[in-house]
There are 2 protein chains.
Amino acid sequence: MHYETLIETVKARREMLNVTQELLADLSGVGLRTLKQFESGKGNPTLETLSKLGNALGMELTFAVKDVTAK
Amino acid sequence: MHYETLIETVKARREMLNVTQELLADLSGVGLRTLKQFESGKGNPTLETLSKLGNALGMELTFAVKDVTAK
DNA sequence: ATATATAGTGCATTAAAACGCACTATATAT
DNA sequence: ATATATAGTGCGTTTTAATGCACTATATAT
């Protein structure tokens, strides 16, 4: 999953839930400035930051061997 | 995917490929010290670090809505 | 027993993530 | 037109990830 895709996924999920950046920042425990930077494509979030966002959004991070079978 | 699980997944993949930390560090472009910290459960890697390791190991990071259906 | 390969740690430095605050930009509603 | 809500940015500080180096720990082979 490319970085931009990851960002879009998070942003889409947040907007689908009708949650503002400000609320998500509160809910997740991630600083508002950090969230803004992330969603605007700047920065390089840590695993902890992604994890916090995932918890708040009902999303999960997985790291698995790439499937070469499917195209 | 919990942090420890993620670590184990990476470590298992590396060992399955018979690659040492030193070689993986070289192949991935991640510093050896950083890799050691990561695998020994210390630290909080950035997305870039995880991505680099993923590229070298043929693994992929994904971030998706948690499936509540399956248990 | 000792040489070798690999993993883990202590210590220090540098770069950058996380963060807050105040501000700007943009869209929407009144 | 202007007030309001939301997103994005500039600037600064604090914390910490990334890194190298030198060292220790452990297992394995000779």
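Naming convention: chains lettered A, B, ... in sequence-line order (proteins, then strands); numbering from 1 in each chain. Side chains included, hydrogens not; waters and symmetry mates left out as well; all remaining heavy atoms used. All of these numbers come straight from a predicted model, not from anything done at the bench.
- A:Glu22 pairs by the salt bridge (Lys or Arg N to Asp or Glu O under 4.0 Å) definition with nothing, not counting sequence neighbours.
- A close approach under 4.0 Å does occur between a side-chain nitrogen or oxygen of B:Lys42 and OP1 or OP2 of C:dT9.
- Residue A:Arg14 places at least one side-chain N or O closer than 4.0 Å to OP1 or OP2 of D:dA7.
- Cluster membership for A:Leu32 and A:Leu23, using ILVMFWY side-chain heavy atoms within less than 4.5 angstrom, is not shared.
- Applying side-chain contact (heavy atoms from CB on, under 4.5 Å) to A:Thr46 and the options A:Thr49, A:Leu50, A:Asn44 leaves one that passes, A:Thr49.
- Using a 4.0 Å cut-off on heavy atoms, the residues of residues 16-27 of chain A that approach DNA chain D are A:Thr20, A:Gln21, listed by number.
- For the residue pair B:Gly54 and A:Phe63, the shortest heavy atom distance occurs at CA-CZ, 3.5 Å.
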Problem set entry | Nucleotide pairing, DNA chain C (Watson-Crick or G-U, distances under 3.5 Å), in dot-bracket with [ ] and | | ||||||||||||||||||||||||||||||

Provide a list of protein-nucleic acid N or O atom pairs under 3.5 angstrom, restricted to nucleotides 18-20 of chain C.
from, atom 1, to, atom 2, distance (Å)
C:dA18, OP1, A:Thr46, N, 2.9
C:dA18, OP1, A:Thr46, OG1, 2.7
C:dA18, OP1, A:Thr49, OG1, 2.5
C:dC19, OP2, A:Gly31, N, 2.8
C:dC19, OP2, A:Thr34, OG1, 3.1
C:dG20, O6, A:Arg33, NE, 3.2

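- Using modelled atom types, no side-chain atom of B:Glu60 and backbone atom of A:Ala64 make a donor-acceptor pair closer than 3.5 Å.
- B:Thr62 contributes atom OG1, which lies 9.0 Å from atom CE of A:Met59 (distance to the nearest 0.5 angstrom).
- With a 4.5 Å cut-off on side-chain heavy atoms, A:Phe38 and A:Val10 count as touching.
- Side-chain atoms of A:Arg13 do not come within 3.5 Å of backbone N or O of B:Val65 as any donor-acceptor pair.
- Remark: of the listed residues B:Leu53, B:Leu24, B:Thr9, B:Leu24 is the sole one forming a side-chain contact (heavy atoms from CB on, under 4.5 Å) with B:Arg14.
- Note: CD1 (B:Ile7) to C1' (C:dA7) measures 15 Å, nearest angstrom.
- Regarding B:Phe38, its CZ atom lies at a distance of 13 Å from the P atom of D:dT19, rounded to whole Å.
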Exercise. For nucleotides 23-30 of chain C, read 5' to 3', which letter fits each nucleotide if B means a protein heavy atom sits under 4.0 Å from the base, S means only the sugar-phosphate is that close, and - means neither?
Worked result: --------

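- Under a 3.5 Å cut-off, the side chain of B:Thr34 and the backbone N or O of B:Val30 do not form any donor-acceptor pair.
- Between B:Ala25 and B:Gly31, the shortest heavy-atom distance links the atoms CB-C, 4.2 Å.
- The salt bridge (Lys or Arg N to Asp or Glu O under 4.0 Å) test applied to A:Glu48 returns A:Lys52, not counting sequence neighbours.
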For this session: Apply side chain to side chain contact (heavy atoms under 4.5 Å, CB included) to B:Leu47 and A:Leu6, showing your working.
Result: CA-CA 11 Å; B:Leu47 182 54; A:Leu6 193 152; 4.3 Å; yes

